[in-house]
Protein chains: 2
Amino acid sequence: MVRNFPEPDVFNANCPTQQVLETIADKWSVIVLYVLSQTETRRYSELQRVIGGISQKMLTQTLRKLERDGLVMRRVYPVVPSKVEYSLTPLGYTLTELLKAICTWAQTHWDEIEAARVRYEQGSDR
Amino acid sequence: MVRNFPEPDVFNANCPTQQVLETIADKWSVIVLYVLSQTETRRYSELQRVIGGISQKMLTQTLRKLERDGLVMRRVYPVVPSKVEYSLTPLGYTLTELLKAICTWAQTHWDEIEAARVRYEQGSDR
DNA sequence: CGGCATCCTAGAGGATACTG
DNA sequence: CAGTATCCTCTAGGATGCCG
């Protein structure tokens, strides 16, 4: 039996935690979830417009993955032209605080990281 | 001046937040940081052994990136055979709570995600 | 021991065109 | 509008071998 781990260790390649990270620890996933966490509901085209630099392929792919994992809900309106709305599921909502924290951290500490990079470059130059 | 953003928006491709996510929102980075957050100090070979399924190339690459961004500290002991120890910097430590939360979330909700996947497969089959 | 350097391949991911 | 399909490129990342 491969399942059932004595203690959850992220370090084990077989551990589900690593598989979850494959979903969560992805740039586009974080951003999409973050957008949805702020706005109740978003249409496909809104997401594409609001998120800078994402291709439509990546957007669709990310949404599918999040939907498959039960984090995002997809509602199709049978109208023409078509209308599709995306929102977080209850499970997805349990992530919002975490996502907010991550984005806040990124915003707060960006200058320190940038400074570290400069220092690193200088150190490696001579 | 490209820098200096009115309000930090993750959605803007130019926003530093996205750049930080490139570092943080990476599976191996999360895991390496998590290991270091638990153990003060780790040697290279310990990290490689403890983390299942990481290649040495990826490990080195991840460590360099984290070092460059000021999250991880690398200390070399001039002995032979060589000895290198990695640990978190103060900046890196500010991430530990977040990382713990992420890993905890992954552990807690894995079964729900798995259930969602099964549901998704069934739905798409017919 | 703790790495680089090199080679190689699968898959990520962009651009473009077409469709219900 | 909200995608799918196709093609094509480029790079992430494994395997292997060498070095201080």
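In the text below, chain A, chain B and the rest are named by the order of the sequence lines, each starting its count at 1.
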Below 4.0 Å: OP1/OP2 of [N] and any side-chain N or O of [X]:
X       : N     : answer
A:Tyr44 : D:dT4 : no
B:Arg43 : C:dG2 : yes
A:Ser45 : D:dA2 : yes
A:Tyr86 : D:dC1 : no

For atom [atom1] of [X] and atom [atom2] of [N], their distance in whole Å:
X       : N      : atom1 : atom2 : value
B:Lys27 : D:dG13 : NZ    : C1'   : 11 Å
A:Gln56 : C:dT16 : CD    : P     : 12 Å
A:Glu85 : D:dC1  : CD    : C1'   : 13 Å
B:Arg49 : C:dC1  : CZ    : P     : 11 Å
A:Leu47 : D:dA2  : CG    : C1'   : 12 Å

Donor-acceptor pair, side chain of A:Thr96 and main chain of A:Ser37, under 3.5 angstrom: no

Check: A:Arg64 main-chain N/O paired with A:Glu67 side-chain donor or acceptor under 3.5 Å: no

Rounded distance (nearest 0.5 Å) linking atom CD1 of A:Ile51 with atom CD of A:Glu46: 11.0 Å

Interatomic spacing from CG in A:Leu71 to OG1 in A:Thr94 - rounded to 0.5 Å: 7.5 Å

Side chain proximity check, A:Tyr77 to A:Arg75, heavy atoms < 4.5 angstrom: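 Yes; the side chains approach each other to less than 4.5 Å.
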
Interface residues of residues 57-77 of chain A with DNA chain C (non-hydrogen, below 4.0 angstrom): A:Lys57, A:Met58

No-hydrogen, no-angle side-chain donor-acceptor test under 3.5 Å, B:Tyr86 and B:Arg74: yes

Quiz item: A:Ser82 side-chain donor-acceptor pair to C:dG20 base, under 3.5 Å: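 Result: at least one qualifying N/O pair found.
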
